[in-house]
Colleague: 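Below you'll find the structure I mean.
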Amino acid sequence: MLMQCYTGLVWSVAAGYLENPEDIKECVNDTFVEFYRERGRFDPEKGSLKQYLATIARRRAIDRLRASGRTDIVPLSEDIPIQGGISPEDRAALDVALDSLTEEDAAIIRMKYYGGMSFREIASSLNLPYETVKKRHQRSLGKMKKFLLAGFIVAITVLLAACAYVVLRYFGLVPGYGVNTDPAGAIYILEEPVAATNGDAEFQLEDAWWQDGNLTALVTAYGLQDISAMPEVTLDGLDELAPGGISHSLIAETGANRYRIVIRGQLPPDTGDTLPLSLTVSGAVFPITLTRAEETQLEEAGFYSLTEEGGLLAVPRLEDGELIVSIYPLNSGEFRIDPMLTQGTVANYGGPVHPVTVTAPDGSVLEGTLEKYSYSLLEESGYLEWNFGPAQPGQYTLNVPYLFQYAVQGEDCAFSLDLTKPETCSLEVPGGVLELGRPFPVEDPADYGLQLVQSQEFDHWWAVEGSWTGEDPERTPAYLYVRSNGAAHTLENGMTYPNITSQSWQDMQRDEETGKEYALWKGFLLGVMEGLDACEITIPAESIRYRWEHPFAIPMTVEPEPQREEFTQVSGYYGLTAVPRREKDQVVLALYPQSTYEYVSVSPTIAHSPLAQAVDQPITLTAQDGSVWEGTFRPSRDGTYSDWLF
């Protein structure tokens with residue numbers, strides 16, 4: 001029945017990319033086979049069946065075209081599939097507006113909206129620069145809008161959206177770790193925890209994973225003599241190694257030290273389903289094996305909203321009567337979304353601070369707070385969990401008012417300032433142009449909100465004001481770091497100081513609605529010693545954080561919290577409660593230890609061998625048929641228990 005109703009539609013979509021009738025026929029067959037095999041993924045609430053089939057057909061056609069070795073993806077035909085949201089009159093008006101464009105500009109519009117192609121794919125197909133395609137796209141929309149308004153009261157973007165097919169790029173979710181955006185790539189995770197010792201202290205490698213060029217390891221150390229010293233870390237098994245960073249926290253209950261270690265590195269060319277590594281932490285050697293993780297498609301994982309510039313995936317659940325939402329960034333454009341979303345180191349920069357909220361079925365608004373648990377936060381991708389407090393099952397809407405982003409690629413911007421002949425400067429940075437005014441002298445840098453950390457007094461201060469012209473009106477710089485290069489040092493009282501310093505200039509504002517202060521980037525300040533008339537300045541591309549004023553409203557269904565049975569056993573002063581549940585093909589036990597002895601408490605984070613001299617014994621699960629499964633440790637969300645996977 002589907003083939004009888006929709007073969008014509010699928011054929012026309014495939015014919016927009018393929019010329020050979022046999023290729024088109026095979027693409028049509030592949031489309032219906034894929035739909036049948038994956039029919040459980042189709043959700044009529046997220047879109048029409050017609051649009052869903054067309055998306056599969058387009059993806060299959062592009063795959064077949066690329067497999068043939070061709071990169072010049074042809075535009076779709078002139079015929080536009082009529083969707084339910086556009087009338088024949090509006091369709092005719094849109095055709096007339098398209099005819100007002102040049103042939104190439106009209107092709108860009110058709111490829112973007114009717115073909116579901118990205119700007120990058122369009123640029124490659126037409127052999128045009130990426131920025132040229134984006135600018136011509138914006139110019140064409142403006143021209144079409146003016147043309148339509150001459151005779152029709154209609155919004156061009158609404159019409160195009162009604163005709164558009166949204167192509168869902170590849171996103172594979174590994175719950176608890178992050179989203180993989182590379183269909184040829186993978187996320188590798190630790191098979192099981194590993195213990196090691198350097199002779200003086202015990203080290204537990206609780207978890208480790210590789211994703212998108214980063215190896216992240218969570219290590220807990222017991223028995224350290226110097227708890228303030230950072231561990232020395234080396235790694236074998238990855239290519240192009242570079243340091244990423246180490247963070248440290250103290251577990252007060254046990255006196256243990258927990259480290260989050262990030263090392264940058266690429267997979268060896270012959271990496272298969274397993275990734276053998278050797279991690280050394282302060283002399284303790286961990287021979288570990290990471291395994292390629294099974295990925296879940298977005299349709300099965302949760303609720304999402306996606307644009308060409310990026311989007312969000314929300315995975316809600318009720319836990320102990322509270323609504324917890326795991327929010328994953330979906331990166332599909334030239335900018336990446338900071339996993340902290342509207343929080344983090346630049347939370348108060350770039351505009352008024354607004355919370356992440358959910359709208360409940362009764363219309364009430366619940367404000368979210370970041371969970372203390374940040375187990376899977378990566379430097380360049382990952383997720384965080386948000387707690388919205390007590391809630392009931394039902395239909396909710398997740399509201400994220402804006403996001404922070406940074407450019408995927410970009411070159412550092414270096415320039416010279418001659419303070420004897422101040423001039424303006426125009427700099428191209430990712431996403432737009434930064435115009436810098438003439439440097440002007442400043443009497444007191446404190447008047448510009450600057451609080452110096454150096455004790456040295458600089459002889460002269462200069463201010464440089466900046467203005468921004470962006471390609472996307474929704475995206476503006478929230479914060480950028482300016483670095484002075486090649487400055488000499490001076491010796492004073494046995495200490496060396498730089499002869500020049502650069503500091504960010506922030507203009508403080510107050511939000512009238514909330515009364516909270518926020519900072520807008522206005523430029524930077526330079527402090528120079530006597531005799532310095534010129535200086536070299538660099539704006540590192542990776543230091544620019546953008547505020548993307550694109551609100552997301554994601555409808556989501558919150559299911560009832562499953563009622564799980566508890567099993568408790570007590571021996572003397574101590575006891576253990578086990579709460580079992582199933583996650584896919586695994587049994588997971590949440591273990592809650594307890595102690596009634598006032599002088600001894602039991603750490604809720606149960607781990608193997610807390611001391612080097614202890615005898616290690618696994619936690620196991622015995623099935624009815626007598627088979628024994630050994631457990632794998634996973635930290636809990638809030639640290640009040642430990643999860644064990646069997």
Side-chain angles (χ1 to χ4, degrees), residues 338 342 344-353 402 404-407 410 412-470 473 475-487 497-512 516-530 532-549:
D338 193 311
T342 64
T345 56
V346 293
N348 297 320
Y349 292 94
V353 179
Y402 57 90
F404 287 113
Q405 294 181 314
Y406 56 99
D412 293 352
C413 191
F415 57 99
S416 300
L417 287 180
D418 186 345
L419 300 178
T420 62
K421 300 177 181 179
E423 297 290 342
T424 60
C425 184
S426 180
L427 307 173
E428 289 191 8
V429 298
V433 176
L434 198 62
E435 301 284 351
L436 299 179
R438 290 183 175 87
F440 59 89
V442 170
E443 289 293 333
D444 186 358
D447 294 338
Y448 294 78
L450 181 63
Q451 297 180 356
L452 294 178
V453 295
Q454 297 98 338
S455 61
Q456 180 192 21
E457 293 291 336
F458 290 89
D459 295 308
H460 304 286
W461 282 94
W462 298 78
V464 181
E465 189 168 1
S467 62
W468 172 255
T469 303
R475 185 180 294 109
T476 56
Y479 179 86
L480 61 87
Y481 165 72
V482 181
R483 184 178 68 221
S484 53
N485 302 328
Y497 295 96
N499 284 5
I500 182 173
T501 187
S502 53
Q503 305 285 339
S504 185
W505 172 13
Q506 304 290 341
D507 185 22
M508 299 305 299
Q509 303 282 332
R510 184 176 295 277
D511 184 6
E512 296 181 357
K516 297 180 180 179
E517 284 193 339
Y518 62 91
L520 294 177
W521 185 84
K522 197 167 185 180
F524 59 90
L525 298 172
L526 289 175
V528 297
M529 299 298 292
E530 189 68 43
L532 285 178
D533 298 328
C535 55
E536 298 291 327
I537 300 296
T538 295
I539 300 177
E542 70 274 8
S543 74
I544 307 177
R545 286 296 182 269
Y546 301 84
R547 178 166 162 138
W548 186 31
E549 297 282 359

Colleague: If you round to the nearest 0.5 Å, how far is CG of Asp507 from CD of Glu465?
Modeller: 9.0 Å
Colleague: Shortest non-hydrogen contact from Pro540 to Ser543?
Modeller: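 Heavy atoms of Pro540 and Ser543 come nearest at O-OG, 2.7 Å.
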Colleague: Report yes or no: is the cationic atom of Arg545 (NZ for Lys, CZ for Arg) closer than 6.0 Å to the six-membered ring centre of Tyr406, at no more than 45° off its axis?
Modeller: yes
Colleague: Looking at side-chain heavy atoms only, is the closest gap between Val528 and Asn499 below 4.5 Å?
Modeller: no
Colleague: Can you name the nearest heavy-atom pair linking Asp511 to Pro352, along with the distance?
Modeller: OD2-CB, 3.6 Å
Colleague: Decide yes or no for Cys425 and Phe415: does some side-chain heavy atom of the first lie under 4.5 Å from some side-chain heavy atom of the second?
Modeller: yes
Colleague: Ile539 versus Asp412: any side-chain heavy-atom pair under 4.5 Å?
Modeller: no
Colleague: Find the distance between OG1 (Thr424) and CD (Glu435) and round it off to the nearest 0.5 Å.
Modeller: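 That separation rounds to 7.5 Å.
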Colleague: How close do Val464 and Trp505 get, heavy atom to heavy atom, and via which atoms?
Modeller: O-CE3, 3.7 Å
Colleague: Evaluate the side-chain proximity of Ser426 to Val433: yes if any heavy-atom separation is below 4.5 Å, no if none is.
Modeller: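 SC-SC contact between Val433 and Ser426 confirmed.
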Colleague: Side chain to side chain contact (heavy atoms under 4.5 Å, CB included) for Leu525 and Trp461? Distances and angles first, verdict last.
Modeller: CA-CA 7 Å; Leu525 298 172; Trp461 282 94; 4.3 Å; yes
Colleague: CD1/Ile537 to CZ/Phe524 distance, rounded to the nearest 0.5 angstrom?
Modeller: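 Reported to 0.5 Å precision, the distance equals 5.5 Å.
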Colleague: Are Ser416 and Asp418 close enough, and set up right, to give a side chain to side chain contact (heavy atoms under 4.5 Å, CB included), and what steps lead you there?
Modeller: CA-CA 7 Å; Ser416 300; Asp418 186 345; over 6 Å; no
Colleague: Provide the closest heavy-atom pair for Ser504 versus Leu480 in the form atom of the first, atom of the second, distance.
Modeller: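 So the two residues come closest at OG-O, 3.8 Å.
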Colleague: Under the side chain to side chain donor-acceptor pair (under 3.5 Å) rule, what do Thr538 and Glu536 come out as? Steps first, then yes or no, please.
Modeller: CA-CA 7 Å; Thr538 295; Glu536 298 291 327; over 6 Å; no
Colleague: Please test Leu520 against Lys522 for side chain to side chain contact (heavy atoms under 4.5 Å, CB included), starting from the C-alpha separation and ending with a verdict.
Modeller: CA-CA 6 Å; Leu520 294 177; Lys522 197 167 185 180; over 6 Å; no
Colleague: So with a 6.0 Å cut-off around CD of Glu428, is the heavy-atom count from everything else above 12?
Modeller: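 No.
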Colleague: Is Arg547 salt-bridged to Glu549, cutoff N-O under 4.0 Å?
Modeller: yes
Colleague: Once rounded to the nearest 0.5 Å, what's the spacing between atom NE2 of His460 and atom CG of Leu419?
Modeller: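 Reported to 0.5 Å precision, the distance equals 9.5 Å.
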Colleague: Please find the pair of heavy atoms, one from Leu526 and one from Ser502, that lie closest to each other, and give the distance.
Modeller: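 Here Leu526 and Ser502 meet closest at CD2-CB, 3.8 Å.
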Colleague: How about Leu434 and Trp521: do any of their side-chain heavy atoms sit closer than 4.5 Å?
Modeller: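 In contact.
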Colleague: Can you tell me how far the OH atom of Tyr546 sits from the CZ atom of Arg475, to the nearest 0.5 Å?
Modeller: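 If I round to the nearest 0.5 Å, the distance is 8.5 Å.
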Colleague: What closest approach, in Å, do Ala478 and Gln506 show between heavy atoms, and which atom pair accounts for it?
Modeller: O-OE1, 4.4 Å
Colleague: I need the Leu417 CG to Arg438 CZ distance, nearest 0.5 Å.
Modeller: 12.5 Å
